[in-house]
Amino acid sequence: MAHPNFALKTLVISLSAVISGQAMAQNQDTPQKTKIPRIDVVGSDASSISKQPGSVSIVTEEQLQLLQPLSTEDALRKVPGINIKGEEETAVVANIGLRGLSSAEQKTLILEDGVPVAPGLFIGNGRYYNPRIQHIESIEVLKGATSLRYGPSTIGGVINYQSKTPQDGVTISGRAGSFGLREATLEAGGSSPSGDAQAGLVYTKAESDGFQNKDYKMDDLMVKAGMEIGNNQWIGVKFSHYENQANISYRGLFLEDYQDRKTYNPAPDDYFLTERDAFDINHEWDINDSTTLKTVLYWSEVSRDYWRYSVDSAASAQAGRWVYTDDLSGNNRSFERIGLDSRLSFAHKTFDIQNEAEIGLRLLHEQSNDTRIRATRDQDRTGINDRHRQDSADSLAVFAENRFIVNERLTVTPGLRIETYEQTRKVLTDNNAEESTSNTEVLPGIGATYQISPEVQMFAGIYKAFSPAENGIALDGLTNQDLEAERSVNMEIGVRGRNKRLSYEAAAFQMDFSNQVVDGNSDPNLSKSNGGKTLHQGMEAAVGYDFGGGFTLDTNLTYIPTSEFVGGEYDGNRISYSPEWLANMELGYRQGDLKTALSMHHTGSQFGDSANTEAIPADASGGIWGGKLDAYTTFDVHAHYQFNKQLAVFGSVKNLTDERYIAGLRQGIYAGPSRSFELGASYQF
């Protein structure tokens, strides 16, 4: 993989310069620091949430500081409507479902600082990279009509991870814990004497033996810098590098070993090797008091080498666990993306009322290289390439929305997004045979808010969303399978409010799919087919209350009675990995510099396949297993104590009651992590 070393060197030099400048200015008055521009999904001003005609959840910096999550999915688990299909404790691959969408698929757009993080939005696969929580400052989750400002795959909504902003000084933190966890993080930053430039980095190195001995070795680096250019323009750059050697596989435990609470690694020699580089350039221009132009140019490159040993199915069934042969396959893929996203927001007085408008353009090119290497145990990770495919996609999207401020109480926000794309697959091992397909989606939406009182607001919206059929299934076998995009008409209505002690938000929602892509029919050329309609209906409710005396309670409940196929082979069946009930509760106590929390998470029962198979097969004869996953409830305890401005200590006990549960199914059972302990500290120089 090519590494943009010039970018890293440039940013490190900039960082050194501003830290030196900051040191020289220690005895001077601290100037106001410049901002590093980025694209937010919700926004940071006090009125940002109330402007959204849809549900909003924010996981704050303070919450992350207390929770000390091991992964972004660990942090998202407490958000209303989100279901996590956990495969291992650090969530190397993403398994996130919103509002009844399967957490084994990708119909929710995931961004970092407004930039897509999935290796491929159109070419696939969306799960191979998951941002590391160590460099994340806060998380925005937006559902509803205004998610049309982003795309594609916003059926469930938009998740935006906001990366940390450099702070002056140096902070060293670390933690250790169960399963041999060892993690160290360095944060360093500084500003120029004038305050018009700043830079910083966050570097984390982590290793663990892993639950069930699924070890990993991870490095994550983010370098970030920004400066003011003129009186009304800012530029920011961000470079990130990530690599991880994770001993994970598609294979899980057999049923008897799971019931006997065995904790061995069912695939001890399989490895998932990931490396990613990304570079963003942000520009923000305050053209005048009411007009702002934000533009981001982004590039990323991801490689994913997945080395898996073949199994002897008959011997596995007899042994009651997977028995491996000496044949090894490397499903090795690399992805490259370059994109441009530009957004102009402005206020105007059309129809003699106050308006806030935003129009935007996104250009995107993606390409991937997919090889399969046949190797053996004696010739590990080298061999014959018997499959070589290249995928590419080009897309253009334009959008516009206008927020009509009808009066002090009522706002109405119509919007429109048009997204057009072309996908191409070439098979080099088939004499460079090639096939293409293209599609255009027109996605209208409208939302509204109504301020019943200063403390109570209603919101509602309806919009059309889609998720493209990725190259791997749209052009499988070099057959244009004529797959329609997965399209949904989404509606919601809700209420939110806040007073001195109470905060709340509740919403009822419906997602009505006109087409759901499912497993193909008897035609051997079709791996997938247009499966027809599905319907998702439910509600979310979140309540927070401050009892005084340092005690707080935050709780939320998601109820999705309907998440099912309508017509077709699976008529009436529930969507896989879509539990009917999700619930979270957190009792917090804060006194002076001490913060503690006892949290509870409940996931209802769910199915592992569209056929709604009840029994989990006892041996390997079940192939890729389905079955019913029982409901489970886990408890965590967290504490954080700030000794002084420099030193803080923190710790957690996760899965306090040592609940044994099935987190997911593939070729076997993924058991949820057992009770674990973590202890850490941070020191700021």
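Quick caveat: nothing in here was measured; it's all calculated off a predicted structure.
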**Prompt:** Which atom names give the shortest non-hydrogen contact between Ala397 and Glu419, and what distance separates them?
**Reply:** CB-CD, 3.8 Å
**Item:** Modelled atom types, side-chain donor and acceptor of Asp286 and Thr292, under 3.5 Å
**Value:** yes
**Request:** Over all heavy atoms of both residues, which pair between Gln134 and Lys164 is shortest? Give the atoms and the distance, please.
**Result:** O-NZ, 3.1 Å
**Request:** Dump the intermediate steps for side chain to side chain contact (heavy atoms under 4.5 Å, CB included) on Ile373 and Trp307, then the final yes or no.
**Result:** CA-CA 9 Å; Ile373 308 300; Trp307 294 97; 3.9 Å; yes
**Message:** If you compare all heavy atoms of Ser395 against all heavy atoms of Phe122, which two are closest, and at what distance to 0.1 Å?
**Reply:** OG-CE1, 3.4 Å
**Prompt:** When the ring centroid of Phe399 is compared with that of Tyr150, is the distance short of 6.0 Å?
**Reply:** no
**Message:** Looking at Tyr128, I'd like to know if the NZ or CZ of Arg304 sits under 6.0 Å from its six-membered ring centre while staying within 45 degrees of the ring's axis.
**Reply:** yes
**Request:** Go through the steps to decide whether Tyr306 and Asn331 satisfy the test side-chain hydrogen bond (donor to acceptor under 3.5 Å, both in side chains), and finish with yes or no.
**Result:** CA-CA 5 Å; Tyr306 196 5; Asn331 293 295; over 6 Å; no
**Message:** Any carboxylate oxygen within less than 4.0 angstrom of a Lys/Arg side-chain nitrogen, looking at Glu284 and Lys35?
**Reply:** yes
**Asked** Do His135 and Ser240 have side-chain heavy atoms sitting under 4.5 Å apart?
**Response** no
**Asked** Is Arg666 close enough and on-axis enough to Tyr250, meaning under 6.0 Å and within 45°, for cation-pi?
**Response** no
**Message:** Using side chain to side chain contact (heavy atoms under 4.5 Å, CB included), reason through Thr424 and Glu434 one step at a time and then give a plain yes or no.
**Reply:** CA-CA 7 Å; Thr424 301; Glu434 185 174 317; 3.5 Å; yes
**Request:** Check the side chains of Asp113 and Ser163 for a donor-acceptor pair under 3.5 angstrom, ignoring hydrogens and angles.
**Result:** yes
**Message:** Measuring only between side-chain heavy atoms, which start at C-beta, is Tyr421 closer than 4.5 Å to Asn439?
**Reply:** yes
**Request:** Go through the steps for Glu441 and Arg487 under the test salt bridge (charged side-chain N to carboxylate O under 4.0 Å, His left out), then give the verdict.
**Result:** CA-CA 9 Å; Glu441 296 290 333; Arg487 303 183 181 94; 2.9 Å; yes
**Asked** Are a donor atom and an acceptor atom from the side chains of Ser303 and Ser334 found within less than 3.5 Å of each other?
**Response** no
**Request:** State, with a plain yes or no, whether a side-chain heavy atom of Arg387 is found less than 4.5 Å away from one of Arg374.
**Result:** no
**Item:** Given Val41, Val59, Asn160, Ile58, the one that forms side-chain contact (heavy atoms from CB on, under 4.5 Å) with Ile139
**Value:** Val59
**Contact check, side chains of Val79 and Arg77, non-hydrogen atoms, under 4.5 Å** = no
**Request:** Report the C-alpha distance between Lys238 and Glu112 in whole Å, list the side-chain angles of each, state the deciding distance to 0.1 Å, and finish with yes or no for salt bridge (charged side-chain N to carboxylate O under 4.0 Å, His left out).
**Result:** CA-CA 11 Å; Lys238 183 178 76 172; Glu112 180 176 315; 2.9 Å; yes
**Prompt:** Phe513 and His536: ring pair (Phe, Tyr, Trp, His ring centres under 6.0 Å), yes or no, with the steps?
**Reply:** CA-CA 8 Å; Phe513 277 79; His536 307 257; 5.4 Å; yes
**Request:** I would like to know whether Arg425 and Asp391 meet salt bridge (charged side-chain N to carboxylate O under 4.0 Å, His left out); could you show each step before the answer?
**Result:** CA-CA 5 Å; Arg425 164 162 285 192; Asp391 289 317; 2.8 Å; yes
**Item:** Minimum heavy-atom distance between Ser249 and Asp270, given as atom pair plus value
**Value:** OG-OD2, 2.8 Å
**Asked** Sequence neighbours excluded, which residues qualify as side-chain hydrogen bond (donor to acceptor under 3.5 Å, both in side chains) partners of Glu366?
**Response** Arg337
**Request:** Classify the angle between the aromatic ring planes of His241 and Phe239 as parallel (below 30°), tilted (30 to 60°) or perpendicular (above 60°).
**Result:** parallel
**Fill in**
Per side chain to side chain donor-acceptor pair (under 3.5 Å), Asn402 is matched among Glu356, Glu358, His348 by His348
**Request:** Search all heavy atoms of Ser467 against all heavy atoms of Ser153 and return the closest pair with its distance.
**Result:** OG-OG, 3.2 Å
**Message:** Test side-chain hydrogen bond (donor to acceptor under 3.5 Å, both in side chains) on Thr440 and Thr420; report intermediate values, then the result.
**Reply:** CA-CA 4 Å; Thr440 297; Thr420 183; 2.9 Å; yes
**Fill in**
Exactly one of Ile96, Leu109, Leu111 clears side-chain contact (heavy atoms from CB on, under 4.5 Å) with Ile159, and that residue is Ile96
**Prompt:** Going through the checks in order, is the side-chain hydrogen bond (donor to acceptor under 3.5 Å, both in side chains) test met by Ser55 and Glu492?
**Reply:** CA-CA 9 Å; Ser55 300; Glu492 74 171 333; 3.0 Å; yes
**Request:** Compare every heavy atom of Ile155 with every heavy atom of Glu486, then report the nearest pair and how far apart it is.
**Result:** O-CD1, 3.6 Å
**Message:** Please determine whether ring pair (Phe, Tyr, Trp, His ring centres under 6.0 Å) holds for the pair Tyr271 and Tyr216, giving the CA-CA distance in whole Å, both sets of side-chain angles, and the decisive distance to 0.1 Å.
**Reply:** CA-CA 9 Å; Tyr271 271 88; Tyr216 65 87; over 10 Å; no
**Request:** Please determine if Glu87 and Lys85 form a salt bridge, counting it only when a charged side-chain N lies under 4.0 Å from a carboxylate O.
**Result:** yes
**Request:** Can you tell me which residue pairs pass the salt bridge (charged side-chain N to carboxylate O under 4.0 Å, His left out) test with a partner in residues 135-147, sequence neighbours excluded?
**Result:** Lys143-Glu540
**Request:** Give a yes-or-no answer on whether the side chains of Glu401 and Thr413 include a donor-acceptor pair shorter than 3.5 Å.
**Result:** no
**Message:** Less than 4.5 Å apart, side chain to side chain, heavy atoms only: is that true for Ser300 and Glu336?
**Reply:** no
**Prompt:** Does a salt bridge link Arg389 with Asp370, judged by any charged N lying under 4.0 Å from a carboxylate O?
**Reply:** yes
**Heavy-atom side-chain proximity of Pro152 to Phe466 below 4.5 angstrom** = yes
